[in-house]
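Mind having a look at this structure? Questions to follow.
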Amino acid sequence: MNDSCRYLFGPVVSRRLGRSLGVDLIPAKTCSISCIFCQLGPTRNPTLERREYVPTEQVIAELRAWIRAGGETDFITLAGSGEPTLHLHFDRVLKFLEPHPFRTALLSNGTLFTDPAVRRGAAHADVVKLSLSAWDRTSFERIHHPHPDLDFEPMMKGYRDFRSLYRGALWLEVFVVPGLNSGEEQVKRIAARAKEIRPDRVQLNTAVRPAAEAGVRAASPDKLQRLAALFDPPAEIAAPRAHGGTVSLPLSAQTLTGILQRHPATAAQLAEMIGHPEEAVRELLEDMVRAGRCHTREQKDETFFTR
Ligand code: SF4
């Protein structure tokens, strides 16, 4: 990727998609909710305002240049540092990509799927991943601290309506937070809500990076495995995937900064994402810390680098 790209990042190796070129349509941490597990920290002012947060034509120009330069990836993914469907024209980016030989994905918290225009726009993606970590209004509010105008049941109706019109792959992501939604009865209730939506896949995730709220822990692999069996058909565990081919991103402070402002990561995770030896990545990260270009955060005996 060209270092001058403002709206593209990666390709990074994503736990869900393999090699994924990210498209970030939203300024840092612009979101409709404030998940307690968010790796980007709390959302200061949750918003429901849909507008052109970044210039659509510039995003498309960056994609066009990346494609012309022979970029390779498994997916091009609308994701990044906030909720992508808040961007009024996210669908134009998906439509631009339709004739190109890349699969597209939209990773959304789903809260705006009450809006028919958002559902129609999302239907242009090959894969749509929506969040479902709650089973009712109370659990939704506890886990996601939503904008005050959001409500859980209308969102569920939006999910069902989307399923009725969408022919692509609909995935649900259940983020398991021990002590909040990890009990067997709680997960059975989430599984029942998931069934209403008829997803193609359900994936369980948990906090592998520092979370917005202190005290949010990761569920153990054994626990996730047991909970996955409560879904019908059983859920998958979102786990790191090997990628085929080499990701040839330059080992530069700019590359690492582009990733770290969206994904806090360990040196090992960054090394895997950009395809360079861990030692070389670690040395550069330490230089960046000394220069004040990133900082560190400890979690569970691991050092995460973040912006
Ligand atoms: S995890 Fe995603 S949906 Fe939740 S607050 Fe962070 S950016 Fe928003």
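Note that the structure is a prediction, hence the values are computed from the model and not measured. These numbers come from the heavy atoms of this one structure, side chains and all, not from hydrogens, waters or symmetry mates. Order of appearance sets the numbers: ligands from 1, and atoms from 1 within every ligand.
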Side chains of Q186 and L180: closer than 4.5 Å at any heavy-atom pair?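 No, side chains not in contact.
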Can you sort out which atoms of ligand 1 are near I33, meaning under 4.0 Å from one of its heavy atoms?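 Per the distance check, 3 (S), 5 (S).
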Suppose we measure from atom 6 (Fe) of ligand 1 to each protein heavy atom; which comes out shortest, and what is that distance?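 I find the closest protein heavy atom is C38 SG, 2.3 Å.
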What's the shortest heavy-atom distance between H147 and L48, and which atoms?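 H147 and L48 have their closest heavy atoms at ND1-CD1, 3.5 Å.
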When you measure from atom 5 (S) of ligand 1 to every protein heavy atom, which one gives the shortest distance, and what is it?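 Ranked first by proximity to atom 5 (S) of ligand 1 is C35 N, 3.3 Å.
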Any protein heavy atom at under 4.0 Å, with atom 2 (Fe) of ligand 1 as the reference point?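 Given the 4.0 Å cut-off, atom 2 (Fe) of ligand 1 does not count as touching protein heavy atoms.
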Just say parallel, tilted or perpendicular for the rings of Y53 and H87, cut-offs at 30° and 60°.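 The rings of Y53 and H87 sit tilted, inter-plane angle from 30° to 60°.
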Decide salt bridge (charged side-chain N to carboxylate O under 4.0 Å, His left out) for K188 and D232; before the verdict, give the C-alpha distance in whole Å, the side-chain angles of both, and the deciding distance to 0.1 Å. CA-CA 10 Å; K188 279 183 183 166; D232 176 24; over 6 Å; no
Work out whether the distance between some heavy atom of H144 and some atom of ligand 1 is less than 4.0 Å.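 Judged by the 4.0 Å heavy-atom criterion, H144 does not count as contacting ligand 1.
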Tell me the protein heavy atom at minimum distance from atom 8 (Fe) of ligand 1, and give that distance in Å.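 Protein heavy atom with the smallest distance to atom 8 (Fe) of ligand 1: C31 SG, 2.3 Å.
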Cluster question for you: counting only ILVMFWY and a side-chain heavy-atom cut-off of under 4.5 Å, with indirect links fine, are V54 and L88 together?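 V54 does not cluster with L88.
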